[in-house]
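Below: the structure, in structure tokens.
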Amino acid sequence: MAGLIKAEDVQTVKERANIEDVVREQVTLRQAGMGSLKGLCPFHDEKSPSFTVRPALGVYHCFGCGEGGDVIAYLMGVDHLTFSEAVERLAGQLGITLRYEESNGRGGPRDGAAPGKRTRLVEAHRVAADYYHAALVDSGEARAGRAFLLAKGFDRSVAATFGVGYAPGGGTSLAAELQSKGFSTEEMVTAGLVGRGQRGLYDRFRGRVVWPIRDITGDTIGFGARRIHDDDRIEAKYLNTSDTPIYKKTSVLYGIDLAKKPMSQQRTAVVVEGYTDVMAAHLAGVETAVATCGTAFGTDHIKVLRRILRDEPGSDPAKVIFTFDGDAAGQKAAMKAFDQDQRWASQSFVAVAPAGQDPNELLSSEGADAVKALIDGAQPMFEFAVRTRLAAFDLNRAEDRVRAMRAVAPIVGSIRDQALRVEYVRSVAGWLGMDVDTFGREVAKAGRAAAAQPQPLSRQAQQTGDNSAPEREVQHVLPAPDLRNPVVMAERQLLQVILQYPDALLVDEVQLLPAEAFTAPAHRAIWDAIVAAGGLAEATKFSARGWANAVASHAAPAVAELLPEIAVASLPVTLEQETGLPPERYADALVQRVRDSVVSRKIADAMSALQRAGDDDQLARRLSETLTQLHRERAQLRAGME
Ligand code: ZN
């Protein structure tokens, strides 16, 4: 666990970090009016952009899923970092040296200045990549590795560009290298670089050519390793890092760090099948090439690409081109990609070389132009899918023609673009040797059958809600709550928890809060809306966003702007760090603090009344009894907080 980063350093990082640049690493943004930018949300799956960044304010906000916050919250969410890790990553990029608080024995001190876990895992990968690359270049043992690469057409400088390396066969040398650089066994094992066996630590990759797999920002987060020695006891041609805290095989794309920018500019992505194909494509000038790492192209990969390509309906469609080997496995992979086609607004294409070569083979045998020609000559996914299906039938036989027609009609029926569909009905009827009307009827039938199915992807946001509502009345504005006042701040945070994490709270305790628990008028108005929406007891019936929306529908117009802000603002993680409390204790503590301030105000009121009681003994006695009662209540509250 990381030590506490000094608050002023956190502040410096926040001020110097440009949220726009940080977001652009993963999301393509475009101008959306005064001072704001829009893109596809990285936190939920959406087809039209509701993810907004306001660089001048240093904040982001998604109107679709409600995520929002500052640059640190963004990194925490999008890359699954802890608060410290996010700050450390930004500080590293900005060249800011962080200082850490000395542990002072209060509130569970953390051990010294150990940097966050992700940083350590990334650092271990950097050391490993350097080590592997040096081994490829220098060691005699790596001769077979160099020969393998040369045979594929990659010389020393290409290997350097892509950071290709060689994992020595001895089996423990990387572990020793990492140990000498101060990495703990735990870190090496967690990183997936080293395994722990009966006879101690062993290197995960042994006697193989290795490719560093980098994330979108260029950090190495895993490796792919190819078998080159016949006596390699592991049969698998490729081994890849298994999932680790920083590596998710279903979403990593090899080459994404290099391809990101050209992809966004050209709005084209080329998906090839392997590490050497990515290298070959880039060398041939196809800079938008990426490959999955030991897994089929899936929905998580689609999400990554769509954000970069600005894959939205309406605008000029982006292009995704898949290359596949000409063999049966390649065709199967292509048909699988086709099944996912409906997840894109982009148009997808398939490129298969005439003799079935992959881009690497094409580059070696015919040169860069052949690779480019392969990509340029890609055929639409629909056409490829139809032709692949048709190949299974003997169209000279009438019976087969009817079966073939039924097999391909659903494919054509699934084309969303109406004009394109009409076009395809005509073409495919020609390929089948049938008249257009007959085939057209079959396609329409298939389309109706598909429409009757539930459509998982059409659950498009209904969340936009009725934005016009607040404008019906003239808004009178409540004074902005003074968050410098700790009591008001506690109210604010409690409202945040109630709206965002209702499950973290004890229903009874919150239900019992009196309305006057909220001193700031705007907070009070939001609390009234919470009560009107049924109170916390009702919250469990909703999703987090549904609950916030339910509250919003009961809110006074005067807080129409403040409420969504509170519903998405990130909680002060620094505060969580300071208290060291897990979220539930933190939530309880907030309730206690608000209740405490209610009692304290009552005490103050009673004291004041007592002073004014003069010689009214009866009143004075009653007030003293009340005071005693209140003091006891407060003492109990405070005891409960320990
Ligand atoms: Zn979102």
Side-chain angles (χ1 to χ4, degrees), residues 19-33 35-55 57-81 83 86 215-217 248 250-251 260 264 298-315 318 343-346 455-467 496-497 499-503 539 542-553 560-571 573:
I19 192 167
E20 180 182 344
D21 293 346
V22 173
V23 171
R24 277 190 194 278
E25 282 174 6
Q26 269 130 332
V27 181
T28 300
L29 295 171
R30 60 192 162 82
Q31 218 61 42
S36 79
L37 301 154
K38 266 190 165 186
L40 291 175
C41 179
F43 299 105
H44 82 284
D45 202 11
E46 63 176 3
K47 289 215 161 128
S48 49
S50 45
F51 180 77
T52 311
V53 178
R54 294 179 183 279
L57 302 180
V59 299
Y60 70 97
H61 177 85
C62 175
F63 294 98
C65 66
E67 287 285 339
D70 61 15
V71 65
I72 296 171
Y74 174 81
L75 274 181
M76 289 171 68
V78 85
D79 286 333
H80 308 287
L81 306 182
F83 179 82
D215 71 7
I216 203 159
T217 68
K248 293 275 164 289
T250 54
S251 63
K260 166 185 65 182
S264 159
T299 48
D300 287 347
H301 297 118
I302 291 179
K303 281 187 206 164
V304 172
L305 293 186
R306 291 190 51 215
R307 289 199 295 270
I308 301 173
L309 294 170
R310 299 192 308 281
D311 181 47
E312 302 156 15
S315 62
R343 292 180 180 273
W344 304 83
S346 324
Q455 290 190 345
L457 284 166
S458 61
R459 53 177 169 75
Q460 259 286 330
Q462 296 154 323
Q463 78 290 338
T464 27
D466 186 8
N467 288 333
Q496 280 179 254
V497 176
L499 290 171
Q500 298 177 26
Y501 307 103
D503 293 343
F542 293 93
S543 66
R545 226 186 54 225
W547 167 235
N549 285 344
V551 173
S553 69
E561 263 183 47
L562 181 62
L563 194 134
E565 192 187 316
I566 293 180
V568 303
S570 49
L571 285 158
V573 191

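Hydrogens, waters and symmetry mates are skipped; everything else that's a heavy atom, side chains included, is used. One-based numbering, in listed order, for ligands and for the atoms of each. We count residues from 1, following the sequence as given. In this text the structure is predicted, and so the values were computed from the model without any measurement.
- The side-chain heavy atoms of F43 and V78, taken from C-beta on, include a pair separated by under 4.5 Å.
- If you count the protein N, O or S atoms nearer to the Zn ion (ligand 1) than 2.8 Å, you get 4.
- The aromatic rings of Y60 and Y74 stand perpendicular to each other, their planes meeting at an angle above 60°, with 30° marking the opposite boundary.
- Among the candidates I72, V27, V71, the single residue satisfying the side chain to side chain contact (heavy atoms under 4.5 Å, CB included) test with V22 is V71.
- For the pair E565/H61, no side-chain contact is recorded, criterion being any heavy-atom separation below 4.5 Å from C-beta on.
- Proximity of V53 to R24: side-chain heavy atoms (C-beta onward) are nowhere separated by under 4.5 Å.
- Using a 4.5 Å heavy-atom threshold, the side chains of L37 and Q31 count as touching.
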